[in-house]
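Structure first, commentary second.
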Amino acid sequence: MPKLIYQPKGKAREYSPWACNLYNGCSNRCEYCYNRHGIAAPLLGRDTPILKAGATVEQFKIELQKYKERIIEDGKGLFFNFVSDPFLEDTFELNMECAKIALREKVPCVFLSKCRVPMQMISMFMKHIHKVKVGFTLTGFDEVEPGADSNAQRIAEINALHTCGISTWASIEPVISIDQSIQMIDKAYRAGCREFKIGLLSGKKPYKAKNVAAMKYYIDKKYGNTCDIYWKDSVTKYIDHDTKAI
């Protein structure tokens with residue numbers, strides 16, 4: 001039976017050493033999503049999320065007891081989710097129940113979404129405010145994320161959560177347009193976000209390494225003293241590959 005709690009590999013591990021996936025597939029239908037184009041696309045890239053085999057509250061409890069001490073020790077929390085969206089209408093109830101169990105066991109939980117947070121989950125977050133962090137993917141291009149809430153709505157959600165005292169973060173990945181990504185960082189910052197993870201578009205890119213280096217310099221200089229900024233390997237390796245980059 002597939003694990004519900006596991007240790008990600010590759011690019012995903014840059015977000016968290018521990019993750020929980022309860023569903024396969026996502027109705028956000030993002031054109032750039034790796035799950036929609038990789039070899040596992042028929043399962044992971046579905047437009048409608050389906051419950052993962054063996055995904056029950058009871059099984060989650062069993063796996064949490066097995067891994068919780070290591071998750072707590074690693075210090076970055078349990079990540080919801082890499083192959084779906086935890087705030088979808090079809091997925092949030094089970095994600096909420098499992099997260100609630102983890103939080104009661106003092107396991108911090110981290111979320112990444114492109115949707116507004118259901119009110120039931122906000123109520124839960126408020127009860128565990130020091131162990132919850134909620135993130136939103138911001139690309140600036142609603143047209144390539146046709147099933148998701150707009151980027152403007154996500155930024156408004158960051159502001160609402162920040163006002164409630166809930167920690168927020170933003171995934172600026174993929175960078176489709178450097179100018180748009182800079183705008184998203186600026187808008188999220190003004191909404192109260194102080195943590196950013198930034199990664200590039202896979203495959204052929206519409207920008208050069210020197211442009212990415214200039215973006216990194218600008219963001220680090222403007223926000224580096226007040227924000228936690230993580231540049232993913234896709235950024236640093238792309239810049240390092242071009243010795244003429246700024």
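Predicted, not measured: the structure shown is a model, and the values here were computed from it.
Contact annotation: the side chain of Ile176 never approaches that of Gln180 to less than 4.5 Å [non-hydrogen atoms, C-beta and beyond]. In this structure, the side chains of Cys26 and Leu88 come closer than 4.5 Å at one or more pairs of heavy atoms. Under the 4.5 Å side-chain criterion, counting only non-hydrogen atoms from C-beta, Leu4 is in contact with Leu22. Counting only heavy atoms from C-beta outward, the side chains of Leu78 and Val110 never approach each other to under 4.5 Å. The shortest side-chain heavy-atom distance between Trp231 and Asp220 falls under the 4.5 Å cut-off. You'll find the side chain of Gln65 reaches within 4.5 Å of the side chain of Glu105, heavy atoms only. No side-chain heavy atom of Glu58 sits under 4.5 Å from any side-chain heavy atom of Lys61. In this structure, the side chains of Ile198 and Tyr230 stay at 4.5 Å or more apart for every pair of heavy atoms.
The closest donor-acceptor contact from the side chain of Ser16 to the backbone of Ala19 lies at 3.5 Å or more, if one exists at all. The main-chain N or O of Pro146 is never found under 3.5 Å from a side-chain atom of Asn28 such that the two would form a donor-acceptor pair. Although no hydrogens or angles enter the test, the distance criterion places no donor-acceptor pair under 3.5 Å between the side chain of Asp74 and the main chain of Ile71. Looking at Asn211, its side chain never comes within 3.5 Å of a backbone N or O of Tyr207 through a donor-acceptor pair. Although no hydrogens or angles enter the test, the distance criterion places no donor-acceptor pair under 3.5 Å between the side chain of Glu31 and the main chain of Val144. At distances below 3.5 Å, at least one donor-acceptor pair connects side-chain atoms of Lys205 with backbone N or O atoms of Gly203.
Counted by atom type alone, Trp169 and Asp228 present zero donor-acceptor pairs between their side chains at under 3.5 Å. A donor atom on one side chain and an acceptor atom on the other are found under 3.5 Å apart for Asp186 and Tyr223.
Connection of Leu138 to Ile166 is established within a shared hydrophobic cluster, with ILVMFWY side chains joined at heavy-atom distances below 4.5 Å, either directly or through further cluster members. The hydrophobic clustering, which links ILVMFWY residues whose side-chain heavy atoms are closer than 4.5 Å, places Ile122 and Leu94 together. Under a hydrophobic clustering in which Ile, Leu, Val, Met, Phe, Trp and Tyr are joined whenever their side-chain heavy atoms come within less than 4.5 Å, directly or via other members, Ile182 and Ile158 fall into the same cluster. One hydrophobic cluster, built from ILVMFWY side chains closer than 4.5 Å, cannot hold both Phe60 and Tyr6; they sit in different ones. By the rule that hydrophobic residues join a cluster once side-chain heavy atoms approach within less than 4.5 Å of another member, Ile129 and Met124 end up as members of one cluster.
The nearest pair of heavy atoms linking Glu97 to Val57 is CG-CG2, 3.8 Å. Here the closest heavy-atom approach between residue Val175 and residue Ser181 is recorded as CG1-OG, 3.4 Å. Gly147 and Arg29 get closest at one heavy-atom pair: CA-NH1, 3.9 Å. Closest of all the heavy-atom pairs between Leu201 and Pro206 is CD2-CD, 4.0 Å. Across every non-hydrogen atom of Leu200 and Ser234, the tightest pair is N-OG, 2.9 Å. Of all non-hydrogen atoms in Glu63 and Ile5, the two that sit nearest each other are OE1-N, 2.7 Å.
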Exercise for the section: Give the intermediate values and the outcome of salt bridge (Lys or Arg N to Asp or Glu O under 4.0 Å) for residues Lys197 and Glu195. Expected result: CA-CA 7 Å; Lys197 289 182 170 61; Glu195 181 179 339; 2.9 Å; yes

Exercise for the section: Evaluate the side-chain contact (heavy atoms from CB on, under 4.5 Å) criterion for residues Ser177 and Phe141: first the C-alpha distance (whole Å), next the side-chain angles of each, then the deciding distance (0.1 Å), finally the verdict. Expected result: CA-CA 9 Å; Ser177 157; Phe141 288 89; 3.6 Å; yes

Problem - Candidate pair Tyr67 and Arg70, rule side-chain contact (heavy atoms from CB on, under 4.5 Å), full reasoning - result: CA-CA 5 Å; Tyr67 298 121; Arg70 293 169 62 187; 4.0 Å; yes

Problem - side-chain contact (heavy atoms from CB on, under 4.5 Å) assessment of Val235 paired with Asp233 - result: CA-CA 5 Å; Val235 174; Asp233 285 349; over 6 Å; no

Problem - Stepwise side chain to side chain donor-acceptor pair (under 3.5 Å) test for Tyr23 and Asp85 - result: CA-CA 9 Å; Tyr23 292 85; Asp85 189 313; over 6 Å; no

Handout entry: Candidate pair Gln120 and Ser123, rule side-chain contact (heavy atoms from CB on, under 4.5 Å), full reasoning
Key = CA-CA 5 Å; Gln120 299 96 314; Ser123 297; 5.8 Å; no

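Using the six-membered ring where Trp is involved, Phe125 and Phe87 have ring planes that are tilted, between 30° and 60° apart. Using a 30° and 60° split on the angle between ring planes, Phe80 and Phe111 fall in the parallel class, below 30°. By the 30° and 60° cut-offs, the orientation of the rings of Phe82 relative to Tyr15 is perpendicular.
Annotation: Gln183, atom CD; neighbour count of heavy atoms from other residues, nucleotides and ligands within 6.0 Å is above 12. No more than 12 heavy atoms of other residues, nucleotides or ligands lie within 6.0 Å of CD in Glu73, so this atom counts as exposed by the packing criterion. At most 12 non-hydrogen atoms from other residues, nucleotides or ligands lie less than 6.0 angstrom from OH of Tyr34.
Listed by first and then second residue, the salt bridge (charged side-chain N to carboxylate O under 4.0 Å, His left out) pairs that reach into residues 170-182 are Glu173-Lys232, sequence neighbours excluded. Residue pairs meeting the salt bridge (charged side-chain N to carboxylate O under 4.0 Å, His left out) criterion with at least one member in residues 137-166, sequence neighbours excluded: Arg116-Asp149, Glu145-Arg154.
Note: Phe79 CZ to Asn21 CG = 9.0 Å, rounded to the nearest 0.5 Å. Going from atom NZ of Lys100 over to atom CG of Leu103 covers 10.0 Å, rounded to the nearest 0.5 Å. Put simply, CD on Gln7 and NZ on Lys9 are 9.5 Å apart, with the number rounded to the nearest 0.5 Å. If you take CZ on Phe196 and CD1 on Ile185, they are separated by 6.0 Å, rounding to the nearest 0.5 Å. We find the CE-CG distance between Met126 and Leu161 to be 9.5 Å, quoted to the nearest 0.5 Å.
For the pair Lys76 and Trp18, the cation-pi criterion (under 6.0 Å, within 45° of the ring axis) is not fulfilled.
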What pairs of donor and acceptor atoms, side-chain ones from residues 38-56 against any protein atom, are under 3.5 angstrom apart with sequence neighbours left out?
| residue | atom | partner | partner atom | Å |
| --- | --- | --- | --- | --- |
| Arg46 | NE | Thr48 | O | 3.3 |
| Asp47 | OD1 | Arg36 | NH1 | 2.5 |
| Lys52 | NZ | Lys3 | O | 2.6 |
| Thr56 | OG1 | Gln59 | N | 3.0 |

